[in-house]
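These notes concern the structure reproduced below.
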Amino acid sequence: MAGPDLINTLLYTVNNLLQQEKYKAALAVLKGFRNGAVYGAKIRAPHALVMTFLFRSGSLKDKLRAILKATYTHSRNLACFVFTYKGLQALQERCQGKSLQSHAFLAACVGGWLVFGDNNNINSQINMYLLSRILFALSRLAVEKGLIPQPKHDPFPLFATLVWGVVLWLFEYYPHTLQPSLQSSMNYLYHDSNVWHDITDFLVYNKPRTAA
């Protein structure tokens, strides 16, 4: 049959192309775009689902639209960043004939500016997530390189003490400085727990159920 033969021929041609070493850099950029899109959707969709139904008011249609918009934005941005980063890395390596540490930094700087430089809720969450990770990583690297001495005791308890002390101080007295999603979470935990009317909104629900 012509149909199956055509499909088999097409698959053979594509698989043969994927094995060509001369196209590997370009194909890696394309797969990076694919992986960025998939990973962004997998990470954002469940988070958006939970946060939207916990803290967002409005109709079911509005909530679903918000979930899809957040998922699409995260997926698109991560895909575009990976595409830009890997593309610029490959271009620099091709121009200089070898891979340098500066290539990763410069490629990521350009990608970060182009993709994650727009100040919106999704980008803000991603950038702050990364900031906490790189501060930890740079601290470990500084110890490895001998720039700061190896702590004699585990510094994590002190770190936790300062993090929670500062964030609750900011929440109680300067809440506008915190990200909206963090404000919502903390309102639910620390302020909503100060209000109740009877057993229903003390144990069963967070707030009284409004009559339909």
Side-chain angles (χ1 to χ4, degrees), residues 14 17-18 20-56 58 61-142 163 166-167 170 174-186:
V14 171
L17 177 66
L18 293 175
Q20 300 295 315
E21 188 66 26
K22 60 182 178 180
Y23 300 129
K24 186 172 183 179
L27 292 170
V29 173
L30 292 177
K31 185 171 182 182
F33 181 89
R34 176 265 180 201
N35 284 4
V38 172
Y39 187 79
K42 288 171 67 176
I43 290 296
R44 177 57 57 175
H47 176 271
L49 178 69
V50 172
M51 296 302 289
T52 298
F53 278 95
L54 274 179
F55 301 117
R56 190 184 182 97
K61 183 179 180 180
D62 290 338
K63 291 179 179 180
L64 292 176
R65 184 183 291 115
I67 293 168
L68 290 175
K69 181 179 179 181
T71 302
Y72 168 75
T73 301
H74 195 146
S75 178
R76 179 200 62 198
N77 287 5
L78 197 54
C80 290
F81 176 82
V82 177
F83 182 88
T84 303
Y85 170 71
K86 291 181 69 68
L88 291 177
Q89 261 199 318
L91 180 62
Q92 291 176 97
E93 183 176 352
R94 183 177 181 84
C95 290
Q96 296 193 267
K98 59 181 179 179
S99 179
L100 302 174
Q101 289 190 25
S102 60
H103 293 171
F105 180 76
L106 292 174
C109 282
V110 174
W113 179 68
L114 291 174
V115 179
F116 292 112
D118 184 25
N119 190 3
N120 57 54
N121 289 339
I122 302 297
N123 287 349
S124 180
Q125 290 174 358
I126 295 172
N127 288 338
M128 286 192 291
Y129 172 88
L130 290 178
L131 176 62
S132 65
R133 267 59 181 177
I134 64 173
L135 289 176
F136 262 79
L138 288 174
S139 298
R140 294 188 180 106
L141 184 61
V163 165
V166 170
V167 75
L170 288 172
Y174 305 97
H176 62 280
T177 62
L178 299 175
Q179 193 188 32
S181 62
L182 181 58
Q183 290 182 46
S184 297
S185 299
M186 290 195 156

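Everything numeric in this text was worked out from a predicted model, so none of it was measured.
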Apply side-chain contact (heavy atoms from CB on, under 4.5 Å) to Val14 and list each qualifying residue two or more places apart in sequence or on a separate chain.
Leu10, Leu18
Scanning both residues in full, the closest heavy-atom pair of Leu178 with Met186 reads CD1-SD, 4.4 Å
Are there over 12 heavy-atom neighbours, none belonging to Asn119, within less than 6.0 Å of that residue's CG?
no
Which pair of heavy atoms, one from Ala41 and one from Pro46, lies closest together, and at what distance?
O-CD, 4.2 Å
From CA spacing to verdict: side-chain contact (heavy atoms from CB on, under 4.5 Å), Asn77, Ile126
CA-CA 10 Å; Asn77 287 5; Ile126 295 172; 5.6 Å; no
Looking at every heavy atom in both Asn127 and Phe116, which two are closest together, and how far apart are they?
ND2-O, 3.3 Å
Work out which heavy atom in Val115 is nearest to a heavy atom in Asn123; give both atom names and the distance.
O-ND2, 3.4 Å
Residues which pass side-chain contact (heavy atoms from CB on, under 4.5 Å) with Met51, listed by chain and number, not counting sequence neighbours
His47, Phe55, Ser181, Ser185
Show the atom names and distances, to 0.1 Å, of all donor-acceptor pairs under 3.5 Å that link a side chain in residues 93-104 to residues at least two apart or in another chain.
residue : atom : partner : partner atom : Å
Gln96   : OE1  : His103  : NE2          : 2.5
His103  : ND1  : Leu100  : N            : 3.2

In this structure, CG of Leu17 is separated from CG of Leu27 (nearest 0.5 Å) by 6.0 Å
Could you tell me the separation between the CD atom of Gln183 and the CG atom of Leu170, rounded to the nearest 0.5 Å?
10.5 Å
Please list, chain by chain and in numerical order, all residues satisfying salt bridge (charged side-chain N to carboxylate O under 4.0 Å, His left out) with Arg76, sequence neighbours excluded.
none
My understanding is that only residues two or more places apart in sequence, or in another chain, count here; which of them pass ring pair (Phe, Tyr, Trp, His ring centres under 6.0 Å) with Tyr129?
none
Applying side-chain contact (heavy atoms from CB on, under 4.5 Å) to Ala70 and not counting sequence neighbours gives Arg44, Ala48, Ile122
Can you give the donor-acceptor pairs under 3.5 Å from side chains of residues 80-89 to other protein atoms, not counting sequence neighbours?
residue : atom : partner : partner atom : Å
Thr84   : OG1  : Cys80   : O            : 2.8
Tyr85   : OH   : Gln89   : NE2          : 3.2

Ring pair (Phe, Tyr, Trp, His ring centres under 6.0 Å) against Phe53, all qualifying residues, sequence neighbours excluded:
none
Are Tyr39 and Ile43 packed together at the side-chain level, in the sense that at least one heavy-atom pair is separated by less than 4.5 angstrom?
yes
Going by the side chain to side chain donor-acceptor pair (under 3.5 Å) test, which pairs reach into residues 26-37, not counting sequence neighbours?
none
Asp118: which residues meet the salt bridge (charged side-chain N to carboxylate O under 4.0 Å, His left out) condition with it, sequence neighbours left out?
none
Please identify each residue that fulfils side-chain contact (heavy atoms from CB on, under 4.5 Å) with Leu131, with sequence neighbours left out.
Ile134, Leu135
